[in-house]
Number of protein chains: 2
Amino acid sequence: MSTRDKARAGARPHHAGPEELVQTAAMARRFYLDGKSKIEIAEEFGISRFKVARTLETAIRDGLIRLEIRLPPELDAERSDALRTRYGLSHAIVFTSQVQDPGGAALVTRRLGAVAAGLLAEIVTEDDVLGLIWGPEIEALGPELTTLARCTVVQLCGVTPLRPVDANAVEAVRRAAAVSRGVAYPIYAPLLLPDGATARMLRRQPGIVEAVGRFSQVTKAVITVGAWGPELSTIYDALSDAERENYRSQGACAEVSGHLLDGEGRIVAPELTERIIAISFEELRRVPDVILLADGSQRAAATAAALKTGLFNGIVTDTGVAEYLLA
Amino acid sequence: MSTRDKARAGARPHHAGPEELVQTAAMARRFYLDGKSKIEIAEEFGISRFKVARTLETAIRDGLIRLEIRLPPELDAERSDALRTRYGLSHAIVFTSQVQDPGGAALVTRRLGAVAAGLLAEIVTEDDVLGLIWGPEIEALGPELTTLARCTVVQLCGVTPLRPVDANAVEAVRRAAAVSRGVAYPIYAPLLLPDGATARMLRRQPGIVEAVGRFSQVTKAVITVGAWGPELSTIYDALSDAERENYRSQGACAEVSGHLLDGEGRIVAPELTERIIAISFEELRRVPDVILLADGSQRAAATAAALKTGLFNGIVTDTGVAEYLLA
DNA sequence: GGGCTATCTGCTCATTTGGGCGCCATGCGC
DNA sequence: GCGCATGGCGCCCAAATGAGCAGATAGCCC
């Protein structure tokens with residue numbers, strides 16, 4: 001009879017009869033849903049277990065049986081996985097962004113905040129010291145935080161409110177601490193100062209030294225990346241035109257925690273480092289989990305540069321950026 | 001951290017974070033689609049293989065991963081399987097019927113013919129001797145036959161054309177033989193005769209004895225079931241009103257191969273058996289594969305009775321009948 | 001604070017499973 | 001008609017897997 005099967009089948013497509021279809025479906029249900037073993041199924045249908053295995057195999061290959069992975073629609077499992085594998089990350093979450101959405105940049109940032117809040121709720125434990133940088137993504141994160149283990153929260157840099165919405169700049173840190181019922185260490189100081197001396201002096205000020213002194217204890221840091229352009233970087237916006245152009249000519253492409261990076265992730269303008277109040281790359285490198293928040297295609301190249309620093313083992317980003325990173 | 005998971009999880013639903021969702025999705029893809037082993041996956045994600053197993057397990061349980069079995073829409077895999085299991089059949093195929101379809105009885109019969117033709121194409125081999133009873137379902141089967149192994153085809157009963165469409169009563173046998181390029185043994189004689197003597201005489205006639213003599217060689221028989229009512233049974237339609245009522249009072253409920261059955265599948269009116277030209281139950285019992293074609297809810301009870309004879313190891317029927325049989 | 005419970009975790013061992021192999025029947029080209 | 005290629009089939013054996021178990025840990029109730 002099986003010989004006839006072959007004869008009837010002809011070429012590859014193997015025109016299956018109703019009996020075979022129904023039987024295959026039954027075997028698939030038995031195996032995948034009822035959890036029966038192939039041996040049991042073979043006995044039930046009076047065939048060899050190898051036949052069962054091959055039947056299911058070809059059924060999957062021919063698409064008769066399909067595996068559907070249902071995920072909240074805002075999560076992009078495929079790109080998340082690709083990103084994680086490609087960049088060797090521990091955490092990689094890509095959420096879907098409607099690229100064509102016109103004024104949607106702010107909306108994308110809000111969704112980033114929600115996803116990042118979910119991630120923090122998931123991975124932060126009581127023993128963690130959570131560090132938050134300052135930036136629009138962090139501000140979007142704040143309101144979305146609803147659950148958090150009782151951890152300490154440390155602000156990782158000063159703030160330079162330039163836009164009205166920045167008024168609640170340190171709000172995220174306070175909000176995180178409130179949600180987690182933990183201790184908060186905000187930094188009430190500008191991110192960028194006129195010179196290194198001022199910055200050094202400020203770092204020793206009470207209320208600031210408490211936070212800065214805890215940089216080395218941070219176990220999970222959430223960092224944003226800025227691109228070298230207006231409204232895309234807190235540092236860029238705080239500099240003069242001449243400085244902006246100067247650094248651009250030096251190849252500045254991205255900004256991470258107040259540090260400027262070129263396209264290869266190397267620090268340019270080390271002198272700027274003196275003038276900021278922010279966690280350093282050396283300190284960041286000792287943090288077990290450093291998660292990069294990056295949204296918006298305008299920041300795609302900057303995100304790539306940031307990843308090249310090797311500082312990050314986690315990323316939360318949108319489809320657009322992910323596609324750039326995977327291209 | 002896992003302890004926090006539990007704390008955060010709260011009750012059963014386990015509100016999963018994005019990281020977990022994405023990771024689960026990645027593991028599912030690795031395991032089910034890429035064919036990686038759980039051990040490999042465990043190594044890749046830095047967890048134990050047990051954790052991988054449990055993650056996938058709960059993902060399936062919670063519906064995050066779903067197995068979709070795609071089948072031609074006319075086939076009802078679930079009921080086919082249920083029928084097969086419940087009645088211990090080798091072949092059970094249920095096709096979907098639109099019950100509310102008003103004049104759809106004929107349409108259902110046509111679909112039954114198509115499905116049955118597919119089944120025969122699938123299971124009949126060169127070595128088989130295919131036996132076909134006479135009835136509306138068989139007539140619907142004929143035109144649908146397009147592929148058939150080179151088998152011998154034997155008609156299993158005489159015909160009593162009462163309706164115009166019955167003119168081509170033996171057409172199915174000829175058609176089957178033509179498609180299979182095999183030998184046909186039709187029976188040009190009435191199914192029901194006035195008395196046993198006539199029937200016995202006819203069975204010895206040349207052209208009839210060839211077919212009747214081959215009843216014992218049949219390896220696959222296709223049988224229909226009639227209900228005890230007008231237009232539902234070839235025998236009923238051929239009897240007089242008095243006889244109909246007589247047999248009804250004896251409990252006649254179904255008609256199979258010219259034999260009347262009560263609700264329990266027992267033969268009533270054995271005297272009628274003398275008057276027919278049709279394969280007997282004894283002969284039928286020796287046929288390895290006996291497939292029942294039953295369509296239309298009017299025949300549901302009759303089908304149940306027929307199955308109780310234990311003659312059948314296969315059935316092709318529609319959803320309505322299947323539901324009755326499973327109720 | 002102290003046990004108790006529920007849960008998660010990884011382990012051992014028996015079972016299940018798949019890759020690769022040879023066997024056999026069939027179809028095909030010579 | 002006859003070898004040869006092809007594909008299905010089942011088996012061997014090593015790898016993969018699951019069931020059940022024991023330890024650990026945190027939450028919880030008294």
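Chain naming here is simple, since letters A, B, ... match the order of the sequence lines and numbering starts at 1 in each. The structure presented is a predicted model; accordingly, all values stated were derived computationally and were not measured.
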Chemist: If the threshold is 4.0 Å, N to carboxylate O, is there a salt bridge linking A/Glu283 and A/Arg214?
Modeler: no
Chemist: Does B/Arg54 contact C/dG10 through a side-chain donor or acceptor facing the base, at a distance under 3.5 Å?
Modeler: yes
Chemist: Within 45° of the axis and under 6.0 Å from the centre of the six-membered ring of A/Phe31, does NZ or CZ of A/Lys36 qualify?
Modeler: no
Chemist: Taking the side chain from B/Glu122 and the backbone from A/Glu20, do they hold a donor-acceptor pair closer than 3.5 Å?
Modeler: yes
Chemist: Please check if any side-chain donor atom of A/His91 sits under 3.5 Å from a side-chain acceptor atom of A/Asn313, or the reverse.
Modeler: no
Chemist: As a test of reading the structure: which of C/dT17, D/dC9, D/dA19 is closest to the side chain of A/Phe31, going by heavy atoms?
Modeler: C/dT17
Chemist: Could you state the CZ-C1' distance from B/Phe50 to C/dC8, rounded to the nearest angstrom?
Modeler: 13 Å
Chemist: With a 4.0 Å limit, can you tell me whether B/Lys51 has a side-chain N or O closer than that to the phosphate oxygens OP1/OP2 of C/dT9?
Modeler: yes
Chemist: Hey, is B/Asp81 close enough to A/Arg30 for a salt bridge, meaning N to O under 4.0 Å?
Modeler: yes
Chemist: Going by heavy atoms closer than 4.0 Å, what residues in residues 35-49 of chain A are next to DNA chain C?
Modeler: A/Ser37, A/Lys38, A/Ile39, A/Arg49
Chemist: B/Leu56 has an atom CG; how far is it from atom C1' of D/dT17, in whole Å?
Modeler: 12 Å
Chemist: Using five pairs at each end of the helix from C/dG1-D/dC30 to C/dC30-D/dG1 to define an axis, what is the angle between those two axes, to 10°?
Modeler: 30°
Chemist: Could B/Arg66 and B/Glu68 be called an ion pair, given the rule that one side-chain N must be under 4.0 Å from one carboxylate O?
Modeler: no
Chemist: Between A/Asp62 (side chain) and A/Ala59 (backbone), is there a donor-acceptor pair under 3.5 Å?
Modeler: no
Chemist: Between D/dG18 atom P and A/Tyr32 atom OH, what is the distance in whole Å?
Modeler: 12 Å
Chemist: We want to know whether A/Asp76 and A/Thr96 form a side-chain donor-acceptor pair, criterion being a heavy-atom distance below 3.5 angstrom.
Modeler: no
Chemist: Please give, in whole Å, the distance from C/dT16 P to A/Arg30 CZ?
Modeler: 17 Å
